[in-house]
Structure formats: structure tokens, C-alpha cells
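What follows is a set of notes on a single structure, which appears directly below.
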Amino acid sequence: MTRRSRALVNLRAALAPVAAGVGVMAAAAAVLVPALGTDAPGGGPHRHRTPSAVHGTAPVLPSASHCTPATAAQSLRPSAADGPAVQRIKAKGQLVVGVDQNTYRWGYRDPGTGRLEGFDIDLARAIAKDILGPDAKVVFQTIPTNQRIPALQKRTVDIVVRTMTINCVRKEKVAFSTAYFQGGQQVLAPKKSAVTAFDDSLRGKRVCTAAGSTGESALSRQRHGAQVLTVPSQLDCLVRIQLGQADAVVTDNPLAAAQAAQDPTVELKGKPFTDEPYGVAMNKADTDLVRRVNKVLDDYRRGGADSPWMRAYRIWLRADLPGISGPPVPEYSD
């Protein structure tokens with residue numbers, strides 16, 4: 001085992017509670033909080049695909065039964081109004097956010113400060129600041145990929161900000177904001193590997209992906225003759241490659257790029273083969289919270305090159321994902 005592999009195995013041991021489920025995370029929440037949101041909100045242009053509903057009528061989420069890939073990223077129009085869900089958050093004085101703590105650049109614990117950092121963490125703090133004010137208390141609960149939806153349904157968390165792809169299957173169970181980032185599924189493998197893309201070069205290979213991820217869904221549809229290995233977290237897949245227990249990873253290209261930044265012996269192979277719009281996820285009943293989060297995202301996008309979104313992109317993502325000129329354009333269903 002190389003020194004790098006031993007270091008990452010030790011890191012995974014330190015992060016082992018992530019794989020233990022939401023119940024363990026609730027007990028560990030004091031380790032992760034409090035954190036204060038300091039980002040100033042900042043919104044952007046709207047794309048309308050359906051006629052606007054009259055404001056003041058009862059909010060209606062788009063029917064998941066009528067969802068298509070073309071309309072999946074549509075959400076409810078922004079509003080700053082305090083509905084039942086927002087009032088509930090204000091009454092308890094804190095926003096509980098489901099996050100990751102081991103995805104480099106997105107949601108990870110800085111080893112020097114012990115503080116959770118990353119693109120998703122900055123966005124979570126901006127949402128908390130908008131709802132609760134400048135001294136907002138954020139409770140970060142780390143959640144495995146396959147526990148994101150159960151955590152929202154059980155109200156263990158108020159929102160999930162964890163590189164979560166918006167799609168029709170998930171919209172049957174939870175609600176989503178508009179998209180705040182656009183990614184795509186891609187293959188990650190050692191640079192010297194014979195694997196070239198998401199194609200038949202995977203035949204006979206051990207391909208790792210996170211349980212409950214869109215990567216797992218893609219492999220269930222077409223595995224190209226590969227043996228599929230599922231793990232609780234995508235970082236587990238990188239460690240499996242380093243230990244010789246996996247040959248490739250299928251995951252979102254932003255996450256794959258972050259893993260390649262951690263280990264220069266691996267690289268992205270081929271091109272993205274799906275669309276993966278990331279959204280903030282919420283309990284399906286919390287339509288007022290969906291609108292409030294969309295209002296925060298509007299503010300977050302506003303300001304062009306100096307918007308909070310672009311500032312966060314330059315800090316966390318540009319080094320690994322260069323050339324992105326701005327956030328996705330929001331799409332609304334009402």
C-alpha cells in the first residue's frame with residue numbers, strides 16, 4: 001500500500017460515521033455545528049416554459065407523473081414570503097442541512113481548521129442567512145448518498161445541499177429548487193487504464209459507484225459488461241481504486257474532477273454521457289420553502305462575474321472545472 005493510499009484509508013476511518021446513516025449523524029451533529037453564514041446573497045434571468053400562475057393561489061408542485069427529462073429541472077417561482085415551513089425554521093432558530101463532509105471542493109472538512117467548506121456549504125450558509133439573518137445558526141448533518149431522501153421525508157433535515165441531481169424519479173419523493181449547477185455522469189479511472197469511456201472498455205472491469213446515486217442508475221440501465229460495486233460515498237470509490245479493489249468509477253464529472261484533484265494518478269475518461277442538474281432538495285410538502293430557496297438562488301446568481309455564485313465557483317471549482325461562464329438559467333413551472 002502506498003503512502004497516499006494509507007493516508008486516504010486513515011481519512012476514510014476518520015469519516016466512517018458518514019456511512020453509518022442518518023441516525024448516527026443526528027447524534028454527531030454537535031461535532032459539525034454551529035457554523036455562521038457569511039455569504040451575501042446575490043439572482044439571474046428566468047426561463048419560462050409554462051404560463052405564470054396567479055400569485056397568491058395555493059402553491060402546486062409540478063406533478064412528477066408528468067415529469068420529463070426536458071421539464072425535470074422546473075421548480076416553483078421564487079418568493080420571500082414566510083410560509084409554514086419557513087416559520088418552522090425560524091421558530092427553532094436554526095436551519096438543519098444535510099451535506100457531505102468528504103467530497104473535495106463541494107462539502108469537505110478542512111483538515112487544518114476542522115471547518116466544513118466547499119461550494120455546497122457556501123450555498124447552504126447563504127440560504128440560512130436569508131431565512132435567519134446574519135447570525136444564522138446552521139446545523140450540518142452529514143448524510144450518505146442513499147439517505148438523502150429518507151432524511152427529508154422523516155424531517156431529520158430541513159434541506160439537502162449535497163450535489164443532488166434533479167430527476168423525475170426523485171421528484172416523486174421530494175421537492176427541488178431550480179438547478180444551481182449543471183454536471184454529467186463520466187468515468188474516472190487510472191491514467192494507465194485501458195478504460196476509455198462509458199463504453200465496452202468497461203467489460204470485465206470492477207466499476208464503483210455510490211449507492212442511491214445517478215451513477216448507480218446509469219449502470220443499472222447499461223453496465224457494458226462491468227461488475228458493479230456500490231459503496232456509501234463516492235470517496236470510497238477512489239480509495240477502492242487505490243487499493244486495487246476497483247478499476248473505474250462512474251460518478252458526476254464535478255465529483256470525478258474533485259477526486260482527480262486529490263489523486264493525480266487518475267483522470268476523467270471519455271465525455272459526460274448524461275445531464276445532471278444539481279438542486280437543493282426539500283420535503284415535498286414544504287412548497288413555501290421551495291419558493292424561498294429559489295429566491296435565495298435568484299439573489300445568488302445576480303451580479304454577473306461578481307455574483308456570489310461566480311465568486312464561489314472561482315474559489316472552489318474553477319481549478320478543476322475551468323471554462324464555466326455562469327450558473328444554469330432557472331426554469332419555472334408556474
- Message: Ring-plane angle category for Tyr108 and Tyr104, please: parallel below 30°, perpendicular beyond 60°, tilted otherwise.
- Response: perpendicular
- Task: Report the distance from atom NZ of Lys269 to atom CG of Asp199, rounding to the nearest 0.5 Å.
- Result: 11.0 Å
- Task: Could you tell me how the ring of Phe181 sits relative to the ring of Trp106: parallel (under 30°), tilted (30 to 60°) or perpendicular (over 60°)?
- Result: perpendicular
- Task: Could you grab the distance from atom CZ of Arg109 to atom OG1 of Thr142, nearest 0.5 Å is fine?
- Result: 7.5 Å
- NZ/NE/NH1/NH2 to OD/OE distance under 4.0 Å, Asp286 and Arg155: yes
- Item | Atom pair OG1 (Thr145) and CD (Glu216), whose distance is rounded to the nearest 0.5 Å | 10.0 Å
- Output the distance between atom CG (Leu255) and atom CG (Leu268), rounded to the nearest 0.5 Å. 10.0 Å
- Query: Should the ring pair Phe273 and Phe198 be called parallel, tilted or perpendicular, given that the plane angle runs from 0 to 90° and is split at 30 and 60?
  - Reply: parallel
Check residues 186-193 and write down every donor-acceptor pair under 3.5 Å in which the side-chain atom is one partner and the other belongs to a residue at least two apart or another chain.
| residue | atom | partner | partner atom | Å |
| --- | --- | --- | --- | --- |
| Gln186 | NE2 | Gly270 | O | 2.8 |
| Lys191 | NZ | Pro264 | O | 2.8 |
| Ser193 | OG | Val195 | N | 2.9 |

- Task: Could you tell me whether Asp110 and Arg115 have a side-chain N and a carboxylate O separated by less than 4.0 Å?
- Result: no
- Query: Just how far is it from atom CZ of Arg302 to atom CH2 of Trp309, taken to the nearest 0.5 Å?
  - Reply: 16.0 Å
- Item | Note: Arg311-Asp122 ion pair, threshold 4.0 Å (strictly below) | no
- Quick one: which of Arg206, Arg203, Lys205 gives a salt bridge (Lys or Arg N to Asp or Glu O under 4.0 Å) with Asp247? Arg206
- What's the spacing between Ile149 CD1 and Ile143 CD1 if we round to 0.5 Å? 11.5 Å
